[in-house]
Every structure is written in C-alpha cells, then in structure tokens.
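So that the names make sense, note that chain A is the first sequence line, chain B the second, and so on, each numbered from 1.
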There are 2 protein chains.
Amino acid sequence: MGEDPVSTAASGAAKGTQTLLRGLDVLRLVSEGVSDAGSIGRALGVPRSTAHRLLSSLVSAGYLHHVPQAGYLLGPQLIFLGQRAAEQRPVRSLAEPVLRELAGITGDTVHLGIPDGAEVLYLDKIEGTRGLEMRSRPGQRMPLALTGLGKAMMLAMPEDRWEPLYRAAAEIQARHPGRVPPRPWPDFRADLEEGRARGFCFDLEENEYGIRCVGAPVRDLSGKVAAGLSVASAVPFMPETRLAELGPVVAAHAAEISRRLGGRSE
Amino acid sequence: MGEDPVSTAASGAAKGTQTLLRGLDVLRLVSEGVSDAGSIGRALGVPRSTAHRLLSSLVSAGYLHHVPQAGYLLGPQLIFLGQRAAEQRPVRSLAEPVLRELAGITGDTVHLGIPDGAEVLYLDKIEGTRGLEMRSRPGQRMPLALTGLGKAMMLAMPEDRWEPLYRAAAEIQARHPGRVPPRPWPDFRADLEEGRARGFCFDLEENEYGIRCVGAPVRDLSGKVAAGLSVASAVPFMPETRLAELGPVVAAHAAEISRRLGGRSE
DNA sequence: TTATACCGTCCCATATAGTGGGACATATGG
DNA sequence: CCATATGTCCCACTATATGGGACGGTATAA
C-alpha cells in the first residue's frame, strides 16, 4: 500500500530481515500509543492475523505487556534494556553525579548529550525542581545546530565543521513548517565564536519559544569533544543576568566531567 | 546442537515468529556484553552469517550501535523506548516526586516496584546521597517474598496468597547456592502479620547481607495493592531506632502516592 | 433488551522470506 | 611475515512467516 513518507523517516528500504524490522516497528507504534492489533496491522500494512502474531511474540518475550481489555503497553524488558543501553555509554555513568549536583544548585533541568553525525543524541536528563516539563527525552535526537546542547558541542569542534552542520540543520528545519526558522549564518557563526571565547554558549528561544538555556562542551583527554551539557528553563527564570552568572558554573561542571573521563576506560 | 539449559531460563517453546525472537535474543546477549557476531551466533546456535544479518538489521533500526573494531552496543532507540516504557506506567510518573522527596528526607536509596505474578518488578530507583550503590535496577525482577519491597506489597494482599508466594521464592532461592536462605515459614508469616498491623515492614539483611530496608504498600482506590515503596541503606546507617522512626515516614509517603492514584485514570 | 462491530485467538495451505554454507577483503596479533 | 578472526556479500534451498478466514467473547450502538 501507500507508504506515508513521514514514518520511518530516514532510510527507505532497509535491507534484510523483514520480520524482525516489522516486530521492531510494532514496538515503535506501541510507544506512540497505538495499542490494539487492528490499528497496528493497518499502520504496518499487514493483516490483523500477522500483527497479532508479532504482538504475541513480543509479549511472550517481555517486550510488551498486554492488559486484557485495554491494549498493549511497552514491557518491563524495555525498561531494563533502556537502562543498560544508557549505562553502556561510559560518559553517562561518569557524568551523572555531576549533572545531579548541577541540577541541585540551579533548580533547573539539566541535559547531557553526545554528538552523533549531524545530530545530538540526548543521553540523560535530570528534571529541575520548578515543576515545568520539557519535551526532550533521553534517546532522542535533534540537529546539532538547533539546540543549546548541540551548539555547546560545536564550540569544541574545528571551525570548518560549523557551516555544514548549520546547513544540515537549516535544511531539516525547513521541512517542518511550524518550527522556529534558524537565524542567518553570519549571526550564527558570530554567536559560536563568542561562545568559544567564553567557554559556554546560550540558546535564547532559538529552538523552542519560551525556553532559554546555557551549555558547555565536555572534552576527552585528547581535547576532542566527547559530550555536551546544558541547563534549561523557562524565560521568567532565565533573565540576562542569571544567564551570565550561570555560564561559568555550567562550564566548570562540564570541565569536571572532562576530568573524570581521564580516569579509567572501562 | 546442545542447548545449555541455563540460557533462556523460563519458558521453553515460546511459539511463533522465530526470527523476531532470535533478534530479541540478540539484544539480550548484547546487553550482557557479548559484542561480536561470532560469539552471538554461537550463543544462539546459528551460523555467523545469520547472526550478522540480525545484527545489521538491529543496527539499521537504531536498536544497536556498531563500533567498527570494538563490537556491538545497545543503541539509542532502546534508551528512548526504555524511557517511554517507564512513563507508560501511570504509577511511576505519579509516584516520582514523592519518591524524590522521600530520598531527600532520608538520604537513602528509594525503590518503587509493582507486583507481577510471584515477582516484584522494579519501576524506579532514586539513589541516596550516601554514595553507596545497590545492585537493583529498574526493569529487574525479584521474587516477592525475598525483598523488603516485595514483602511490603504482600502486606496489602489477602493472607491466602502469602504461602504460595513464600514457597515460590524459597524454591527459586534454593536453586542459587550462594544466596541467603529464606527464614522458616512460621517466622516469615509472623513477620508479615506484625507488618500488616503496623502498616510497614522491615528487611533485615534477608535479601542481601549488609542491607536493611523499610517498605510500605501503595493501594489503589479499591484498596488493592498497586505498588510498593522501600527505603534501603547499609546496616551502619540503619540501626533499630532509625528503622522504627523511618517506618511511619515511609508509610505516609506510600499513602500519599495512593492518594494521587485516585485522580484521573489516563 | 437485542444487534453489531471489533478484538483476541487459532488453524492451515501457500510461497515468500529467512537460512546457512561459503568466499572475499580487511584488520589484529604473534 | 603468516595466522586468526571479523565484517560483508552472494545464492540455492526449504523451513518459516504469511494472511485469509472462522470462532467466541466483550463493549458500543440502536
């Protein structure tokens, strides 16, 4: 049938193992709240019969949970694997206590991410105590140039990578009509250069209206960028003066994580 | 070929969809640190060729990450789904702020779990500030009768379920030589009865040497058990006097979660 | 209340889709 | 330097997933 071009986003014909990929797509659908065999079959373009078989297998393996007259939910095995996946990135475990301390000091939401191609991959998120909720989640991806976190990492990259990353981001943003358009390249570049000089950068509602943040890069012992760190909050909590005093604090915590990365490798 | 009987443990012939189940087994193996196609094929009883095809598919779907000359790691998609899986349990989101407060007050590690058959499923864990690390993880399972958290939930169950749960736990424990053997049934039962009268229960190094904890059950609006809550720490931080004063605090927080469950259903 | 639509579950003939043996290039270690 | 091991690719074979359909139970509509 017709494929909606928005679904699996990137690569179209991922080769190999149809059954496995279908099963994984079932997980994705359930994570989006589709919770009965009929709808899942429809979304996948397969008969209910097939969808049901996949669902049963996933349930029996603990990847899904089936609540009799309610539907399917993501299962405990995914909670477990998700935890493990996060732990397998050494940066994440090393950084966690530092993030927690920073969240405690500032009261705001703290993010940790690593660069992955032209995107930032969110690895951890410590909620602030102001009770406001951000859309970001660990495991999520965003173009590097569009977030404070991503820009923080760009500060520690060679300058010749800036423009391609900016272009990639602008292109993606252009495909989503509702989004905030990125600022012009010269401004963007100037902003990054200022940031590099200071050691930290700002995001003044560029990514999301109403949210401001301060970020700084984490480097490994060779000096290359290993991760990024940001503190985010709603505009009323983030006046210019606070942004300015938060900068060095964030940079210091990023440096502390860098220091810890120097220890053991495992 | 010969199957080692320890591998997939529980259910033998899970019917249906071999390919999918194999793929999921690959995820499990990678989570255990097996990180190359050869070993994975061997552990699964399939040729490298097949293992490689599964691995590639999982990589292309973002469930695994492949580091060229190092091996396979759990991928970002699992971090994302794990997060979602935890959020899809309403208890977890409702309880989190309460857990955090309790962790703040006590300085110790706080666990949240729900009953799942004869086991407790850990849903959330807030680390204490004493810097000691416990083996428990969200997504993990343990027999109900062997943990403070599990016993807390048993307090809110009908008495006729106590003995079968105790037996199930004892049986499992018997299969693991190194573990602490459970106390005799009459003692266990008496302990639970005292606990029910008080509204909270203790775990005095029954599950793990050196760890003591205090737990209390969370009930839904119909009065049935919905979850359990426990505060755990090392013996030096948990003298008898502290256990006694912690009890009512834990019970009060459990009650607060129960109250919050009364709100909306979604 | 009765009627209807939908869901979960199971079965089975068909051919599609996964399988696994093997070959090749590249990288690691002795 | 050679030996070992890993990622990658190919292709004939058949084991395996597929999907049409039927049945019983449950919620929603009439």
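Rounded to whole Å, atom P of dT6(D) lies 11 Å from atom CD1 of Ile40(B). Rounding to whole angstrom units, CG of residue Leu21(B) and C1' of dG18(C) are separated by 14 Å. Across the protein-nucleic acid pair, Leu54(B) atom CG and dG7(D) atom P stand 13 Å apart, rounded to whole Å. A straight line from NE2 of His65(B) to P of dG7(D) spans 15 Å, rounded to a whole angstrom. Here dT16(C) presents its C1' atom at 8 Å from CD of Gln18(A), a figure rounded to the nearest Å. Atom CG of Leu55(A) is separated from atom P of dC6(C) by 18 Å (rounded to the nearest Å). For His52(B) and dT8(D), the NE2 to C1' distance is 5 Å, given to the nearest whole Å. Following rounding to the nearest Å, Arg48(B) (CZ) and dC9(D) (P) show an atom-to-atom distance of 15 Å.
Under the side chain to side chain donor-acceptor pair (under 3.5 Å) criterion, Arg141(A) pairs with Asp116(A), not counting sequence neighbours. With sequence neighbours excluded, the residues forming a side chain to side chain contact (heavy atoms under 4.5 Å, CB included) with Ala169(B) are Pro143(B), Ala145(B), Leu146(B), listed by chain and number. Scanning for side chain to side chain contact (heavy atoms under 4.5 Å, CB included) contacts around Gln88(B) gives Leu73(A), Leu74(A), with sequence neighbours left out. The side chain to side chain contact (heavy atoms under 4.5 Å, CB included) check on Ala170(B) picks up Pro182(B), with sequence neighbours excluded. With sequence neighbours excluded, no residue forms a side chain to side chain donor-acceptor pair (under 3.5 Å) with Glu171(A). Remark: Arg22(A) engages Gln18(A), Leu44(A), Val46(A), Thr50(A), Leu54(A) in a side chain to side chain contact (heavy atoms under 4.5 Å, CB included) (not counting sequence neighbours). Annotation: side chain to side chain donor-acceptor pair (under 3.5 Å) contacts of His52(A) (sequence neighbours excluded): none.
For the pair Thr19(B) and dA17(D), the criterion of a side-chain N or O lying under 4.0 Å from OP1 or OP2 is met. Residue Arg22(B) places no side-chain N or O under 4.0 Å from the OP1 or OP2 atom of dT16(D). Thr50(A) has a side-chain polar atom (N or O) that falls below the 4.0 Å cut-off from OP1 or OP2 of dG19(D).
In the helix from dT1(C)-dA30(D) to dA15(C)-dT16(D), the end axes, each obtained as the rotation axis mapping the C1' atoms of four pairs onto the next four within a five-pair block, lie 20° apart to the nearest 10 degrees. At its two ends the helix from dA17(C)-dT14(D) to dG30(C)-dC1(D) runs along axes set 20° apart, each axis drawn from five pairs and the angle rounded to 10°.
Less than 4.0 Å separates DNA chain C from no heavy atom of any residue of residues 70-78 of chain B.
Judged by atom type and distance alone, Arg53(A) reaches the base of dG19(D) through a side-chain donor-acceptor pair under 3.5 Å. Counting atom types as modelled, Ser49(B) pairs a side-chain N or O with a base atom of dG21(C) as donor and acceptor under 3.5 Å.
Lys125(A) places a side-chain N or O within 3.5 Å of a backbone atom of Ser136(A) that can act as its donor or acceptor partner.
Separating the CD atom in Gln83(A) from the CG atom in Leu81(A) is a distance of 10.5 Å, to the nearest 0.5 Å.
Across the interface with DNA chain C, nearest-nucleotide mapping of Leu20(A) and Ser35(A) shows Ser35(A) to be the residue nearer the 5′ end.
For residues 78-91 of chain B, the set of pairs meeting the salt bridge (charged side-chain N to carboxylate O under 4.0 Å, His left out) definition, not counting sequence neighbours, comprises Arg137(A)-Glu87(B). Applying the salt bridge (charged side-chain N to carboxylate O under 4.0 Å, His left out) test to pairs two or more places apart or on separate chains, none has a residue in residues 73-83 of chain A.
Side-chain contact between His111(B) and Met134(B): present, with at least one pair of heavy atoms (C-beta onward) separated by less than 4.5 Å.
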